[in-house]
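Note: hydrogens, waters and symmetry copies are ignored here, and every other heavy atom, side chains too, is used. In the text below, chain A, chain B and the rest are named by the order of the sequence lines, each starting its count at 1. Small disclaimer: the values here were computed from a predicted structure and weren't measured.
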Number of protein chains: 4
Amino acid sequence: MKDLNIGMIGYGFMGRAHSNAYKRVNDFFDLEYRPVLKAACARNEENIKAFADNWGYESIETDWKKLLERDDIDAVDICAPNNVHKEMAIAAAEAGKMILCEKPLSMDVAEGEEMVEAIEKAGVANTVWYNYRRVPAVTLAKVLIDEGRLGKIFHYRANFLQDWTIDADLPQGGEGLWRMDAAVAGSGVTGDLLAHCIDTALWLNGPMVDVSAMTETFVKEREHALTGKKEPVTIDDACTFMGHFANGSLALFESTRYARGHKALYTLEINGEKASIRWDLLDLHRLEYFDHADDSIVRGWRSIHVTDGDMPYMDKWWVPGLQIGYEHTFVHQVADFIEGITKGEPCGPTFRDALETQKVCDAVLQSAASRQWVNV
Amino acid sequence: MKDLNIGMIGYGFMGRAHSNAYKRVNDFFDLEYRPVLKAACARNEENIKAFADNWGYESIETDWKKLLERDDIDAVDICAPNNVHKEMAIAAAEAGKMILCEKPLSMDVAEGEEMVEAIEKAGVANTVWYNYRRVPAVTLAKVLIDEGRLGKIFHYRANFLQDWTIDADLPQGGEGLWRMDAAVAGSGVTGDLLAHCIDTALWLNGPMVDVSAMTETFVKEREHALTGKKEPVTIDDACTFMGHFANGSLALFESTRYARGHKALYTLEINGEKASIRWDLLDLHRLEYFDHADDSIVRGWRSIHVTDGDMPYMDKWWVPGLQIGYEHTFVHQVADFIEGITKGEPCGPTFRDALETQKVCDAVLQSAASRQWVNV
Amino acid sequence: MKDLNIGMIGYGFMGRAHSNAYKRVNDFFDLEYRPVLKAACARNEENIKAFADNWGYESIETDWKKLLERDDIDAVDICAPNNVHKEMAIAAAEAGKMILCEKPLSMDVAEGEEMVEAIEKAGVANTVWYNYRRVPAVTLAKVLIDEGRLGKIFHYRANFLQDWTIDADLPQGGEGLWRMDAAVAGSGVTGDLLAHCIDTALWLNGPMVDVSAMTETFVKEREHALTGKKEPVTIDDACTFMGHFANGSLALFESTRYARGHKALYTLEINGEKASIRWDLLDLHRLEYFDHADDSIVRGWRSIHVTDGDMPYMDKWWVPGLQIGYEHTFVHQVADFIEGITKGEPCGPTFRDALETQKVCDAVLQSAASRQWVNV
Amino acid sequence: MKDLNIGMIGYGFMGRAHSNAYKRVNDFFDLEYRPVLKAACARNEENIKAFADNWGYESIETDWKKLLERDDIDAVDICAPNNVHKEMAIAAAEAGKMILCEKPLSMDVAEGEEMVEAIEKAGVANTVWYNYRRVPAVTLAKVLIDEGRLGKIFHYRANFLQDWTIDADLPQGGEGLWRMDAAVAGSGVTGDLLAHCIDTALWLNGPMVDVSAMTETFVKEREHALTGKKEPVTIDDACTFMGHFANGSLALFESTRYARGHKALYTLEINGEKASIRWDLLDLHRLEYFDHADDSIVRGWRSIHVTDGDMPYMDKWWVPGLQIGYEHTFVHQVADFIEGITKGEPCGPTFRDALETQKVCDAVLQSAASRQWVNV
């Protein structure tokens, strides 16, 4: 087994989730490479030192450019805020590093296009962490669609509902709350939450044609952590859009951080001529399935507990009935990334795939601003 | 269409439910007889008068023996407490009346045997109001079992959980609470609730062989409405039993009025070699079904919304997706009773069927008292 | 108790539902009037005769104008297709009859305004059969909102999903399928299904400000029952819209007849600052409720089984745990209508209320046609 | 941080689950010891070598007695079949090793008593892997009960239903199927599945007084993997028992491997005077809770998604809404075991705790054999 030396940039929630994945993947998957936690990098030395100690990184860096200069780093994992993805990714590509980049890919399509150009020119392996593709139940949905079990698709519906910013006293910006500052995050729920829904949708249902969107910022001013003053909130608190897929089906997407009672309710539902499926992140190990071909007196939505060994990825884990959780999606992505570099095949979503998601996000924001339909 | 003149004895909850059924059945079912609310009978003249006025009974009686003497009564509906079922039913049979009797059939097996003997000697049409057989989802369960979809049965499980007697200040006895007085009710939850579960089970899964039971009375003394004094509580507050069916499957039954959070949770589940089903009174329009023959990657419990026109009884009501409720079970039983007298066929559960349920109830109570296994 | 003589126009699904309500209401509600099924009216003599016989109407008419001339008719119930509502309602108002009109009120706002003008000029009691307001769980939602339990509202979401027109061989038009012919129905799912969602929304959450909509007709041509030829389908098979309520909350509505697996899935969800609620027609006796004020370790969505006697309307029916169904909503509306005429108060939704729903429907259709935002 | 050198005996399903826990615990919990995978031991050298390589054990042994002789082993983890627990545990205690032993503790009470005596004499830290106590939702149940939220308990109900041995062609015995051979496993579902339910029950609800049980072996003969011949099946395929807890509440337990449609349905429900709770392994991250003190119009079962940071163990993992899975229960037990040795406190369930579970299991099997009530 060969080493795959990882250089991690960032140490937040995603830094933890990815580090866990690198450390666990070989215990469960039979692979040709073993990720090695070579270096962790962030400007704040104290914080990155503590993170590296906790997870067992062999070294630290406080300047990401130095990290890229190191010969002992094979792959760079970008877990920094969205507004630095472009610079880091392009430099990493130019340094010949493989890249695993957090989502969303970029602040906007223009940035994304530069990134794709650089990475494809460099020819390095790359992937973007739209991890929900690799929930076994979601991967199963892909299998069922590819087998033709749904037939012609009429509707694709998704939402991502949260409730953690309702309190008007919650500040914005700074390290913990940069997702509430558009200058750092690019947008609010659109890039943070809807981007996940869009990535899954493009993967399961193909490209989109056009969108009509609406955004809202419910709390107009919040104290900014960097200035200590009340400042206008620049992100979208909620975003809804409808539109058309190229296959003729209708799209309906919604996201908000003001849906009291929902912590992370990412749901999707697809209605086809022959069958329908739906899924819900809060019970991520189940897929609901309705098959019109069932005998009419025993026809109903089936609740599939996706834990048997013939389910995607599940032969690697435990036994039927025993569920895995959120963090395993990252383990699966690392496993697939390693399979990809072993076979010389891309591991979706690549930067190019993620650019397609960015195009939809940009169209959505443009439509909301102009109150017009916008082509993707 | 011919008249079927009904003489109702009683005016409580069941009196209402049955009256409603008689009045509605011809609006929805195409039948040869129309029930006519000829007379309502109870000792309390004021109460029975109000009841008769409300429901449109043409006359009242305050002596049930007089009711039986009337030539204009074809069928007697016994909604009086359990301790008078025997006397009324035998007299009604001897008077040549058809009989629709509330459940449980009798105070015990000895009474029940006298009743069956009398009614079969008289040769009158008869039925006992174990209405849950005629919830469409439960009737569908019978259809699925009879089609052989479940295969060999391993387990039959049922419970009936309520929580309305937890308050120790609730009195016992008298008109409203006779179900808490064993002298009137025969037993507590065993005859009131488990009898329903047993009737359904015998119908769906065949006869029982033996039982081992446990009963409990949590609140030992309550004020008695008739005496005004604290008196020992004579009923079983909870009853659990296990046992064997003749087909080799195992039985597990439980009932209580001390299950906080459950108002009327009658559930049943049957596990067969090929398929399983379960049902729950609180969502009575759904049947859950698991079919092992499904492709493994889309195998799961199906939630069947039993409202389509090809479901039992449902062609008579509304359109797919629109549910009926509790009261409709009585309408179905009246419809089937009338079909029965039209065709000269029995309408189950007959008195003889209900006697089988009584035998299980008696065995259960005997087992609980003796702490021994008892053959049915 | 006084008679309220009903003249019914139509004999279809709604004719049955309303007739049932008139016949049952006095068995369960204590009212000053008793509906009397005086006359049923339709052009097809054979069909209306059969309907009248089934339900016990005392007479029939084949010309609705003759019905309006009769002195023995107090109230007219309009269950005829949408394209004749206006003419009938205005004539009925001019004849001084009370009017109970099926939804949607009219083909469009212009018609609706004429109707409201006529009916208000005549000063007759009136109501429109948006029956879902009177599902006890939905009425309970209104109670909770009026008590201030939800606080400021952020989101109102509703959909109505069906799947009965997916088959491309289903014809359009004629008696049974007039809902698929825009010349008779006015629109497709917008008037048939979304109108229900909009009525409930305006009642629960107040007026709407603007909308952006999208419609789709998936099957472009179907055989027309009246011509026997393939003709263009003129209705909307699916309609989605987003928008704003006057209280600042965001609207998201969707309806379709192409959602495989859904027979009549009318759901609504309201997210407030303090609490959220959701409801689903397929389990209409439950209301889901999330209260942020609960202790955090026991906080979760509550599934309220709306069957206790302190729930709206439920003191009239059975006992806790025993559910009622779809048809009871009409009984409730008749009871409230009679209460209204007794007290001289309107019974919502009145024609004027229903006109507000029509305004939203028209704005939705206009927005879909123009691909522009439209003010209501 | 100090090393805690682990010697693992066994390499099956539990060997994997425990190894994973040792490797992960320090990434998420701040502890004074770090488990070191020092040695893995089994008779089959090839298999244990592969296991050790996969998980990173530093060495292997093929004789467990040699393992116990090694000075570099602090704690022994016994994942061998039940029939060797006693010999290994006593020897390990005598060698002064800490012991983490798979459940059930022993083949019977007599063995268990010897083990407890030895281990308490040696004074070594010990725990038994009844891991379900450490599902956060189950731990939360313990918190709620200890806070007095349920009040007096009336009912404790648990079952563990599986369906993997229905096929009569499944063989028995040998490495993979030793759980089907009573000579190795001690019993069938009683020790394998019900023991889990009993451990949780004793922890949550206190000691049991008496039981009445029934067992069944549905398939009487199966090919034995060691002899290649059809031999009598010696285990119980299903076991049901009822009984009394010392606190006056009633017990009802059931387990089977013949419940078609259930892979690992461990459910428990507790009904108290003031509140009730229920839990289900198939959706292990949720706890259902019913609080009678809620306002009556908003009273219902709450579905608590146990993922917030104030839930037991959950501050160590991800963010609200993102669930953990089955394997995390073992991580929690390792963390608590290390906390225990740090503070010099026992980590339940200890061997002594597990002996209490064994006593109930023995009473259950004795009752089933004798068809008599048996005191625990």
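Heavy-atom distances place the backbone of A/Ala251, and not its side chain, under 4.5 Å from chain C. Of the atoms belonging to C/Tyr258, heavy atoms from both backbone and side chain fall under 4.5 Å from chain A. Only the backbone of A/Lys274 comes within less than 4.5 Å of a heavy atom of chain C; no side-chain atom from C-beta onward does. At a 4.5 Å heavy-atom cutoff, A/Arg299 makes no contact with chain C through either its backbone or its side chain. The part of C/Leu161 that comes within reach of chain A is its side chain, from C-beta onward, which places non-hydrogen atoms under 4.5 angstrom from that chain. At a 4.5 Å heavy-atom cutoff, the contact between C/Ala238 and chain A is made by side-chain atoms alone.
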Step by step, work out the salt bridge (charged side-chain N to carboxylate O under 4.0 Å, His left out) result for C/Arg371 and A/Asp210.
CA-CA 12 Å; C/Arg371 290 171 64 97; A/Asp210 59 9; 3.1 Å; yes
As a quick check of understanding, evaluate side chain to side chain contact (heavy atoms under 4.5 Å, CB included) for A/His262 and C/Trp301, giving each step before the final call.
CA-CA 9 Å; A/His262 298 300; C/Trp301 283 87; 3.7 Å; yes
Output, in order, the C-alpha distance, side-chain angles, deciding distance and verdict of side chain to side chain contact (heavy atoms under 4.5 Å, CB included) for C/Leu250 and A/Thr256.
CA-CA 10 Å; C/Leu250 304 185; A/Thr256 181; over 6 Å; no
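With respect to chain A, the highest number of heavy-atom pairs below 4.5 Å among C/Asp163, C/Thr240, C/Asp237, C/Asp167 belongs to C/Thr240.
Nearest heavy atoms, A/Met214 versus C/Trp373: SD-CH2, 3.6 Å.
A distance of 6.5 Å separates CG in A/Asn159 from CZ in C/Arg157, rounded to the nearest 0.5 Å. A distance of 11.0 Å separates NZ in A/Lys152 from CD1 in C/Ile166, rounded to the nearest 0.5 Å.
Side chain to side chain, A/Glu216 and C/His155 fail the donor-acceptor criterion of an N or O pair below 3.5 Å.
Looking at heavy atoms from C-beta onward, C/Phe218 lies out of side-chain contact with A/Glu273 at the 4.5 angstrom threshold. In this structure, C/Met242 and A/Met242 have side chains that are in contact, with non-hydrogen atoms separated by less than 4.5 Å.
A donor-acceptor pair is defined here as one N or O able to donate and one able to accept, closer than 3.5 Å; no such pair exists between the side chain of C/Ser276 and the backbone of A/Gly261.
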